[in-house]
Amino acid sequence: MTADASDAVEIRNALLRLRRATGLPVAFGGLLEAGQRMRISELDGTATHALRSLVVTSGTGLGGKTVALARPCVVTDYSASRQISHEYDAAVAAEGLRSVLAVPVVVRHRVRGVLYGALRTAQPLGGRMLDAAVEAARDVERALAVRDEARAQAAGAGAGWEQVREAHAALRALAPRIADPQLRAELLGACALLAADSGGSGPPARVRLAPREVDVLACVAAGATNAVAAERLGVTPETVKGYLRSAMRKLRARTRGEAVVAARRAGWLP
């Protein structure tokens, strides 16, 4: 799948979450381009532009090693490490980085990008930091997987449906903020028409989703991570997870992507 601007936004948001969760002062990352090359496009907390647009080839440096192995890699002192090659030492030194971790973004067994976190001092990066970085990467993976599916469906059914789905998600998120009950009901009715027009069979009696479960699924279908969905809906990420788990159970779905597909087939989503 080809990356686009919305994919880069997911990387950017993940870097913000990574820094908040770990306390690391610097985070950066990017997505793979053609072949096995990864371009660093998103920077957070950097003092220079030395890393911007740096192209990392699979197997080279810390990020390239992460791409090649498809697993997290860490160095305590980048320039002195014997565990990596040193093609990118000049850029890393210009930014003043020492301890660096790199975590792959893997979708359907294929590395799609890398998230980095770094310190400007040489000290071990603990397991808590690595776990937080991995969780940030998992958020990106889930969002990209749903977006890939949406693109594939749009290619088969007409690209216009992706815009319809984004509009549906935005309207569902707006509805709870409308105080007038009649106006709110009319807006939700328009959402139901969008879902019905998608070709679904309509919500069957045996599958009853709560309004907030549909709201969360609509955000997920538009490619939002749990954190982004929480911001749109005015709830916490844990609340989003709870609604998503409940909807997945009702729809007998094992993954977020399966839940979106099942909800579309049932007529809950366009």
Side-chain angles (χ1 to χ4, degrees), residues 3-31 41-45 103 105 107 112-113 115 117 131-151 162-180 183-184 187-188 190-191 194-195 209-248 253 255-257 259-260 263-264 268-270:
D4 62 17
S6 59
D7 293 343
V9 169
E10 293 298 342
I11 294 287
R12 193 177 311 139
N13 290 337
L15 296 178
L16 291 171
R17 293 193 294 275
L18 189 157
R19 286 190 65 197
R20 284 198 296 264
T22 64
L24 291 172
V26 179
F28 51 100
L31 294 162
S41 61
E42 308 302 322
L43 309 174
D44 196 281
V103 178
V105 174
V107 181
R112 295 279 294 276
L115 304 182
D131 289 345
V134 169
E135 184 57 33
R138 296 298 87 84
D139 281 345
V140 180
E141 290 167 1
R142 289 188 283 266
L144 294 185
V146 171
R147 210 170 260 133
D148 285 353
E149 185 178 300
R151 288 174 186 142
E162 192 162 352
Q163 284 77 27
V164 170
R165 287 160 183 159
E166 290 176 358
H168 178 266
L171 291 172
R172 293 280 326 185
L174 177 64
R177 305 175 197 173
I178 298 176
D180 186 324
L183 182 58
R184 184 169 60 250
L187 189 149
L188 290 173
C191 290
L194 287 175
L209 298 180
R212 271 312 203 191
E213 292 170 349
V214 180
D215 293 343
V216 168
L217 285 172
C219 289
V220 170
T225 62
N226 290 345
V228 173
E231 291 176 6
R232 290 180 182 175
L233 299 175
V235 298
T236 67
E238 287 303 316
T239 300
V240 167
K241 289 180 183 178
Y243 283 127
L244 185 56
R245 281 194 297 266
S246 176
M248 288 171 63
T255 66
R256 296 158 65 96
V260 169
R264 284 175 179 159
W268 286 106
L269 298 176

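Residues take their numbers from the sequence shown, with the count starting at 1.
Separating the NZ atom in K241 from the OG atom in S246 is a distance of 16.0 Å, to the nearest 0.5 Å. Between the CG atom of L115 and the CD atom of E10 there is a distance of 11.0 Å, given to the nearest 0.5 Å. Here the CZ-CG distance, from R20 to L15, works out to 11.0 Å after rounding to the nearest 0.5 Å. Taking SG from C191 and CZ from R172, the interatomic distance works out to 5.5 Å, rounded to the nearest 0.5 Å. Remark: L217 CG to M248 CE distance equals 9.5 Å, nearest 0.5 Å. Interatomic distance, E135 CD to D139 CG, rounded to the nearest 0.5 Å: 5.5 Å.
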Open item on the list: For a side-chain contact (heavy atoms from CB on, under 4.5 Å) check, start with the C-alpha distance between T239 and R212, then their side-chain angles and the critical distance, and finish with the verdict.
Closed with: CA-CA 10 Å; T239 300; R212 271 312 203 191; over 6 Å; no
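Nearest heavy-atom pair, A229 versus C219, reported as atom, atom and distance to 0.1 Å: CB-CB, 3.8 Å. Taking all atoms of both residues into account, the shortest heavy-atom contact from A133 to L18 is CB-CD1, 3.8 Å. A8 approaches L31 most closely through the heavy-atom pair N-CD1, 4.0 Å. A132 and T22 get closest at one heavy-atom pair: CB-CG2, 3.5 Å. Heavy-atom minimum distance, A227 versus R17: CB-CD, 3.7 Å.
Checking each of L188, D215, L233 against P176 for a side-chain contact (heavy atoms from CB on, under 4.5 Å) leaves exactly one that passes, namely D215. None of I11, V105, T225 except one satisfies the side-chain contact (heavy atoms from CB on, under 4.5 Å) rule with L144; the exception is V105.
For R184 (side chain) and I178 (main-chain N/O), a donor-acceptor pair under 3.5 Å exists by modelled atom type.
Contact check on R245 versus E238 returns no salt bridge, with no Lys/Arg side-chain nitrogen under 4.0 Å from an Asp/Glu carboxylate oxygen.
Two residues are said to be in side-chain contact when any heavy atoms from C-beta on lie closer than 4.5 Å; V134 and R138 meet this criterion. Between V26 and D44, the closest side-chain pair of non-hydrogen atoms is not below 4.5 Å.
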